[in-house]
A.B. asks: 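Structure below; questions to follow.
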Amino acid sequence: MDIKAIEKKWQMRWEKEKFNRFDVKDTEKKKFYVLEMFSYPSGAKLHVGHWYNYGPADSYARFKRMQGYNVFQPMGFDAFGLPAENYAIKTGVHPKDSTEANIATMEQQLKAMGAMFDWSAEVKTCTEEYYKWTQWMFLQLYKKGLAYRKEAPVNWCPSCNTVLANEQVIDGKCERCDTPVVRKNLTQWFFKITEYAEELLSGLIDLDWPEKTKNMQRNWIGKSTGCEIEFECESGDTFRVYTTRPDTVFGVTYVVLAPEHPLALKITTPEQREAVEAYIDYAARSSEIERLSSTREKTGVFTGAYCTNPVNGKKVPVYLADYVLYSYGTGAVMAVPAHDERDFAFATKYGLPIVKVIEKQGGETVLPYTEDGIVVGSLQFDGLCGEEARSAIASYISKIGKGGKKINYRLRDWLVSRQRYWGAPIPIIHCEKCGAVPVPEKNLPVKLPYDVEFRPDGKSPLAKHEKFMNTTCPKCGGPAKRDPDTLDTFVCSSWYFLRYADPHNDKEPFDREAVDRLLPVDTYVGGAEHSCMHLLYARFFTKALRDMGYLDFDEPFKRLVHQGVILGPDGNRMSKSHGNVVSPDDYIKEYGADAFRMYLMFGFSYTEGGPWSDDGIKAISRFMDRVEKIALKSNEYFGYGPFEREERALDYARNYCIRQVSRDMESFSFNTAIARMMEFTNALYKYDALPGEKNAKLFKESVRDLILMLAPCAPHFAEELFEQTGGKGFVFEQKYPVENPSALRLAETEYAIQVNSKIVCKAMLPSDATDEEIKTAALALPEVTARTEGKTLKKCVVVKGRLVNLIVG
RNA sequence: GCCGCUGUGGUGGAAUUGGCAGACGCAAGGGACUUAAAAUCCCUCGGUAGAGAUACCGUGUCGGUUCGAGCCCGACCAGCGGCACCA
């Protein structure tokens, strides 16, 4: 078979018949939306990882189509982002030009793959037609009170005079010039994702997602139930701490504020001022990663101030320490060194008292003791335990008006401002008189200018562009400036799956009816690295849009599947710096797109991935040859043969294959699906090699079923074989084979016979035998009698269709 | 440091979810065809002992539950991934 020729032939026919398009007019078939995470057009070429994501997922989509669904499978590009801008800084090639060129190459390669993408719905996030609506999304969130501004730190390189992404900070230093990075506060836009924390958490229950991913999201959201407690300083200033262990509040020997806490300097005594300022400065210089490292020694400083524990009136010192994070809880903690590891370490280092208030039940209490136990030394609460104690103390705190129960989330609001060029401009105008004013929707998009200086020199590229920056205030008409920042690219990817439903609409982001017809996504396939960010943001957008009345479903992705990662042959992640990048191109040239795709499906466990190796790609080629040979041979079969033992065996093999392959395809177990088809092919060869007259009808039908089952995995190849064996129309218009249960019912089933849990022999027993009959038959076997002679049967375990275990003694 | 996942032949990976470990392949060895090679076809292929039927051992390690454990429980080791010192 001339692989190149048939790939071209069928791709052209599919194209001509608009075969890959979702059929909007077909309302009879059930819709099925299969989505793969769209690609980032970074390097110039499609790599093995793209293939591994898109090839098998396309086979799944084709499988669903043959099962009778009206399948929608779009493709697009997540085209804004940092790499294109970095590339521009390095080479001078404009991000728009390099991105467009990369997209053009990738489109060609994706088409050559022969996947069933509906290119009429293609979406590119860097086009005006798209980012107009990304900006519109921003405005809706703003209107709804879900977008707001506040100060937040950025990584700042004082030498390059530029903001760095976390990725660009290597060991606390700028990746370009090795200058230590400092943190600098800027006023930036946030989305209030925390407003949806509870629903994002509870909504996970019903999703058909990997448990692992759901758990990661749960941990990311990080709900905890605790208590806020108010402490008052001698100065009269008050602050609250958050704790999950109110049962230990009588054991507080000091409290700690985060170095960024607004009260930190205010309460500091003159004697301590110098030390405190130095410490705050020190904390600001250490990177977040350093600060969060647990192997790092605890550091802190005494403010000189004291505050009062509201439950017992004790005065305790106030410290600053960077193990307390300003962004979590209240930015202040009560320290109970007897019952917390970190507090214990800190107290030991700084010579602070340690007061035991929890006693281990039925054992010696070794400090720090962090488990639940019996409360001691806590007045009226003595003797209470665990949850009971926490609840009682929290109620008491609430009663005395010093705080009370509080639910906290680890989840933080989503910072969306980026001091970058290659992104969607934030549609806000800053007016000295009116403040931050949203750009009127009719003026969207706020166009990203082409002629900018994107080399870093202290100001973000848009801020230097006079024509872009200077505008008039939509409210008062006075002179005003645009927001110089662009949106995080995760904003673009938080709604693209909605735009696919109505990609060319220039009146609204999507038509409600179009979205209702297609959404939610039935199966979403993509890498596990997006477990927390992208998948959470997309869920947030969906819920926010629902609450604004634009959607009426709660979750965007019903089912989620993560493909594994294909590593380099050396077992490391593929990267240019490792020099272990494998290009699919040579393989495709030699073996063809179908064989390469099938090898990816067969050689790896889809959700696991693994190091690349091409051992076995030849085997797929051989398998296809074998299928081709036997298929063409079926053309030579004529007449009516018998339907006896051999025919029943073939019919069994055929139906067994149909059953298993259907299950395996549904569960993304592509490697076993192909293994079953190999077995079936072997069975066809075995039958063909038999002497005597053959049953042509059975053989031809079997070959046809094999071709149909193979079609999703090797689409061009199967089309060609289907045609060459007399098939009419496209193979993908055929119905996927359905098993015939009666062919799978055999008169006898093989049982493993065990005596005292050891297999002694195998036996064919009637499939419809009762447990008692099976037991009797097993006991009569010579291999069994030899081992049971003179012993009594103590127990007999029968597992229907599998084994008998006779326990004798 | 915490959390999560993974650990099965020389190798990629199967195992009906507690029921015959190693499906289907690759590699290797032997053979057939061939002047020869390639291709193709057939056989062997976890380990040890044995000519052999067969016996014993075997799913990272050690224990446990069970008639029965790759799968469940406990402890440990190794590798990978994520990260929140979350109070």
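Just so it is clear: chains get the letters A, B, ... in the order the sequence lines come, proteins before strands, and each one is counted from 1. Note that the structure is a prediction, hence the values are computed from the model and not measured.
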A.B. asks: Could you verify whether a donor N or O on one side chain and an acceptor N or O on the other, from A:T749 and A:S767, lie under 3.5 Å apart?
C.D. replies: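 A donor-acceptor contact under 3.5 Å links the two side chains.
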
A.B. asks: What protein N or O atoms touch nucleotides 8-10 of chain B N or O atoms at under 3.5 angstrom, if any, and at what distances?
C.D. replies:
none

A.B. asks: Say whether A:Y591 and A:D586, considering side chains only, have a donor N or O and an acceptor N or O under 3.5 Å apart.
C.D. replies: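 Side chains of A:Y591 and A:D586: no pair found under 3.5 Å.
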
A.B. asks: Using the test side-chain contact (heavy atoms from CB on, under 4.5 Å), find all partners of A:D625 that sit at least two apart in sequence or belong to another chain.
C.D. replies: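 A:D625: side-chain contact (heavy atoms from CB on, under 4.5 Å) contacts with A:E628.
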
A.B. asks: Is the phosphate of B:rA14 approached by A:S605 (side-chain N or O, under 4.0 Å from OP1 or OP2)?
C.D. replies: yes

A.B. asks: Collect all protein-nucleotide pairs involving nucleotides 19-28 of chain B in which both atoms are nitrogen or oxygen and the distance is under 3.5 Å.
C.D. replies:
{"residue": "B:rG19", "atom": "O2'", "partner": "A:R802", "partner atom": "NE", "Å": "2.9"}
{"residue": "B:rC20", "atom": "OP2", "partner": "A:R802", "partner atom": "NH2", "Å": "3.4"}
{"residue": "B:rC20", "atom": "O2", "partner": "A:K762", "partner atom": "NZ", "Å": "2.5"}
{"residue": "B:rC20", "atom": "N3", "partner": "A:E750", "partner atom": "OE1", "Å": "3.4"}
{"residue": "B:rC20", "atom": "N4", "partner": "A:E750", "partner atom": "OE1", "Å": "3.2"}
{"residue": "B:rA23", "atom": "O2'", "partner": "A:R676", "partner atom": "NH2", "Å": "3.4"}
{"residue": "B:rA23", "atom": "O2'", "partner": "A:E679", "partner atom": "OE2", "Å": "2.8"}
{"residue": "B:rA23", "atom": "N3", "partner": "A:R676", "partner atom": "NH2", "Å": "3.1"}
{"residue": "B:rG25", "atom": "OP1", "partner": "A:N682", "partner atom": "ND2", "Å": "3.0"}
{"residue": "B:rC26", "atom": "OP1", "partner": "A:R622", "partner atom": "NH1", "Å": "2.7"}

A.B. asks: Report which part of the nucleic acid A:S613 touches: base, sugar-phosphate, or nothing (heavy-atom distance under 4.0 Å, all strands).
C.D. replies: nothing

A.B. asks: Measure centre to centre between the rings of A:F623 and A:F602, then say whether the value is under 6.0 Å.
C.D. replies: no

A.B. asks: Please write out each protein N/O paired with an N/O of nucleotides 48-50 of chain B under 3.5 Å, distance rounded to 0.1 Å.
C.D. replies:
none

A.B. asks: When you measure from the side-chain N and O atoms of A:R218 to the phosphate of B:rC3, is any distance below 4.0 Å, counting only OP1 and OP2?
C.D. replies: no

A.B. asks: Between A:E739 and A:Y656, is any side-chain donor less than 3.5 angstrom from a side-chain acceptor?
C.D. replies: no

A.B. asks: With a 4.0 Å cut-off on N to O distance, would you call A:E636 and A:K633 a salt bridge?
C.D. replies: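 Answer for the salt bridge query: no.
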
A.B. asks: On a whole-Å scale, what distance lies between the P atoms belonging to B:rG64 and B:rG47?
C.D. replies: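 To the nearest whole Å, 29 Å.
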
A.B. asks: Of A:C532 and A:V333, whose nearest nucleotide on RNA chain B comes first from the 5' end?
C.D. replies: A:C532

A.B. asks: Ring of A:W220, cation from A:R410 - is the NZ or CZ under 6.0 Å from the centre and inside 45° of the axis?
C.D. replies: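 Ring-cation test returns yes.
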
A.B. asks: Does A:E228 pair with A:R240 as a salt bridge, N-O distance under 4.0 Å?
C.D. replies: yes

A.B. asks: Using side-chain contact (heavy atoms from CB on, under 4.5 Å) as the criterion, list what pairs up with A:S378, not counting sequence neighbours.
C.D. replies: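 With sequence neighbours excluded, A:S378 shows a side-chain contact (heavy atoms from CB on, under 4.5 Å) to A:F250, A:V357, A:V375, A:F381, A:D382, given in chain and number order.
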
A.B. asks: For A:S224 and A:Y242, test the side chains for any donor-to-acceptor distance below 3.5 angstrom and give the result as yes or no.
C.D. replies: yes

A.B. asks: Using a distance-only test with no angle check, is there a side-chain donor-acceptor pair under 3.5 angstrom linking A:N682 and A:R626?
C.D. replies: yes

A.B. asks: Can a donor-acceptor pair be found between the side chains of A:T194 and A:R412 at a distance below 3.5 Å?
C.D. replies: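 Note: A:T194 and A:R412 side chains miss the donor-acceptor criterion.
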
A.B. asks: How close or far is atom C1' of B:rG13 from atom OH of A:Y599, stated in whole angstroms?
C.D. replies: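 My rounded result for the distance is 11 Å.
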
A.B. asks: Between A:Y599 and A:W612, is the gap from one ring center to the other below 6.0 Å?
C.D. replies: yes

A.B. asks: Starting at the 5' end of RNA chain B, write a dot or bracket for each base, bracketing those in Watson-Crick or G-U wobble pairs whose two distances are under 3.5 Å and using | for partners on another strand.
C.D. replies: (((((((..(((......[....))).(((((.......))))).((((....))))..(((((..]....))))))))))))....

